[in-house]
Amino acid sequence: MIHFRLLAVSLFAIVLAGTAACRTPAVAPDLTRFEFERPQMGVPFRITFYAETAARADAAAAAAFARVAALNASLSDYEEDSEITRLSKTAGSGRAVPVAADLWNVLAAAQKLSARSAGAFDVTVRPLVQVWRRARRQREMPSLDRLAAARDVTGYQHLELDARHHTATLKLPGMQLDLGGIAKGYAADEALKTLRAHGITRALVAVAGDMTAGDAPPGKAGWRVEVPSLDVPGAPPAQFVLLANAALSTSGDLFQRLELGGKRYSHIIDPRSGRPVTDHSLVTLIARDCTTADSLATAVSVLGPEAGLALVRRTRGAEARVHSQPEEKFHTVETAGFRRFLEAP
Ligand code: ADP
Ligand code: MG
């Protein structure tokens, strides 16, 4: 999990300049910092924001968590009765299944990224994810048969979306969808939107390694977020990013991995080979929204530094840095604008 530290805060008073002549200038409200945390989607979901009263803060936080709980019930492949699980069960039936707005948004974004990343990002990867999760539990390599069977039913081109009717068709029997590489980012975006609908703009939503920021805290340039470094000797120290109206995701095998025969396997699968990514790397991705940051970070983990950054450069508003240690030597590459987000040393 990513650590993030917020600046020391007390009570802030901001003066709202009265612009409309007919209005009496607003009285400067005292903004108080509030922080809420609840387990959601299997991880701690943390919401931090500034509000005028505790009552408004409680109402906004409750609405945001309710929105995330509803999304989890729709998008989680861990839930037997979620919309995504039910959709997976129609694989091979030939049916075009109507999907609700949120699932549609996520699937449409996922398929777009699959095409842009030449299949590096692929939500049909679940059969392979399952094979490798089992391998991790049993501490033994999967059989070639099992791997081949999972590969046969993986491939985003077998998931057909109809944009006119908002339906999805899983064309091969046995196909299964996994939104683990994109759903947390979407949920973070939606939580931020919910806060905004409650009049709260100075907010940060953090879901493990995925976070999205609205306006900065009063008087600050952005939310101060720590980006971790690679856990190897010689790696540079962790740094801070100032985030406002942007999202940041980290992806890598730093926190979840399988070690077999002295080799480290990530929980991220390269759908093209059917095998987990083995480059020990850490991707920090900044984008305009967290759906993009989360999914693109996963794609970059698969593609590796060179092809990964090329994809980021083709994405408006996105910047990235990749730490990796393919062999002995520590290696960092980043896009030209990444440093703009770093806090001055
Ligand atoms: P985390 O947030 O856990 O660091 P990511 O956001 O990078 O990880 O997503 C990893 C998850 O995405 C995996 O646990 C799996 O559910 C799913 N996944 C694995 N490989 C891919 C892939 N190539 N494309 C899309 N999703 C993937
Ligand atoms: Mg992610």
Side-chain angles (χ1 to χ4, degrees), residues 1-3 40-45 72 75-79 82 84-85 88 106-107 109-137 150-151 154-159 175-189 205-212 227-228 230-231 247-258 265-285 287 290-304 307-308 311 320 322-323:
M1 185 187 326
I2 194 167
H3 305 283
Q40 289 279 354
M41 302 187 146
V43 287
F45 207 105
N72 188 56
L75 306 178
S76 170
D77 60 284
Y78 286 90
E79 306 284 335
S82 65
I84 191 75
T85 303
S88 287
V106 172
L107 289 178
Q111 290 294 82
K112 216 163 144 186
L113 181 57
S114 294
R116 295 184 66 232
S117 67
F121 185 83
D122 189 336
V123 292
T124 71
V125 80
R126 189 167 191 268
L128 285 165
V129 169
Q130 297 291 82
V131 165
W132 287 100
R133 269 193 201 140
R134 184 171 183 272
R136 170 154 49 181
R137 269 199 314 273
R151 277 190 79 181
T154 300
Y156 73 97
Q157 60 283 8
H158 306 302
L159 166 62
M175 278 179 83
Q176 290 175 28
L177 304 178
D178 176 340
L179 303 177
I182 189 168
K184 291 204 288 296
Y186 185 78
D189 284 339
V205 177
V207 196
D210 301 302
M211 57 192 71
T212 186
V227 289
L230 214 51
D231 58 345
L248 180 146
S249 287
T250 47
S251 178
D253 58 0
L254 208 50
F255 312 114
Q256 280 195 50
R257 62 192 168 226
L258 156 79
Y265 295 89
S266 166
H267 65 303
I268 296 171
I269 310 288
D270 185 339
R272 301 162 304 182
S273 65
R275 289 171 187 275
V277 171
T278 49
D279 282 3
H280 185 35
S281 76
L282 180 67
V283 177
T284 304
L285 205 310
C290 207
T291 308
T292 305
D294 186 9
S295 53
L296 200 50
T298 304
V300 173
S301 285
V302 173
L303 289 169
L311 174 62
V322 184
H323 287 317

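Ligands are counted one by one from 1 in listed order, and the atoms in each one are counted from 1 as well. Remember, predicted model here, so these are calculated numbers, not experimental data.
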Asks: Taking Val205's backbone N and O only, do any of them form a donor-acceptor pair with Thr212's side chain (distance below 3.5 Å, no angle check)?
Replies: no
Asks: Between Trp132 and Ile268, is there a donor-acceptor pair closer than 3.5 Å when you use the side chain of the first and the backbone of the second?
Replies: no
Asks: Quick one: look at Val125 and ligand 1, take heavy-atom pairs under 4.0 Å, and tell me if it's side chain, backbone, both or neither.
Replies: side chain
Asks: In terms of atom number and element, which parts of ligand 1 are under 4.0 angstrom from non-hydrogen atoms of Ser251?
Replies: 7 (O)
Asks: From atom 16 (O) of ligand 1, work out which of Val123, Asp178, Asp210 has a heavy atom at the shortest distance.
Replies: Asp178
Asks: Strictly distance-based, threshold 3.5 Å: is any side-chain N or O of Asp77 a donor or acceptor partner for the main-chain N or O of Asp178?
Replies: no
Asks: Between the side chain of Gln111 and the main-chain N/O of Leu159, is any donor-acceptor distance below 3.5 Å?
Replies: yes
Asks: Please check whether Asp270 reaches ligand 1 - meaning an N/O of the residue sits under 3.5 Å from an N/O of the ligand, judged on distance alone.
Replies: no
Asks: Assess whether atom CZ of Arg116 is packed by more than 12 heavy atoms of other residues, nucleotides or ligands within 6.0 Å.
Replies: yes
Asks: Compare Asp122, Asp294, Val43 and give the one whose heavy atom is closest to atom 25 (C) of ligand 1.
Replies: Asp122
Asks: Counting C-beta onward and ignoring hydrogens, is there a side-chain heavy-atom pair between Leu296 and Val283 closer than 4.5 Å?
Replies: no
Asks: Apply side chain to side chain contact (heavy atoms under 4.5 Å, CB included) to residues Leu179 and Tyr186 and explain how you reach the verdict.
Replies: CA-CA 10 Å; Leu179 303 177; Tyr186 185 78; over 6 Å; no
Asks: Compute the shortest N/O to N/O distance between Val302 and ligand 1 and return yes if it is under 3.5 Å, no if not.
Replies: no
Asks: Could you tell me whether Phe121 and ligand 1 have an N or O pair separated by under 3.5 Å?
Replies: no
Asks: Any N/O of Ala120 closer than 3.5 Å to an N/O of ligand 1?
Replies: yes
Asks: Does the pair Leu303 and Arg272 meet the rule for a side chain to side chain contact (heavy atoms under 4.5 Å, CB included), with working shown?
Replies: CA-CA 10 Å; Leu303 289 169; Arg272 301 162 304 182; 3.6 Å; yes
Asks: Tell me whether ligand 1 is touched by Lys184 - counting only heavy atoms on the residue side and a distance under 4.0 Å.
Replies: yes
Asks: Are Ser301 and ligand 1 in contact, using a heavy-atom cut-off of under 4.0 Å?
Replies: no
Asks: With a cut-off of 4.0 Å, which atoms of ligand 1 are near a heavy atom of Pro271?
Replies: 23 (N)
Asks: Could you tell me which atoms of ligand 1, counted from 1 in the order shown, lie closer than 4.0 angstrom to a heavy atom of Thr298?
Replies: 5 (P), 6 (O), 7 (O), 9 (O)
Asks: Taking the side chain from Thr124 and the backbone from Gly155, do they hold a donor-acceptor pair closer than 3.5 Å?
Replies: yes
Asks: If you count the atoms of ligand 1 from 1 in the order shown, which ones are under 4.0 Å from a heavy atom of Gly181?
Replies: 6 (O), 9 (O), 11 (C), 12 (O), 17 (C)
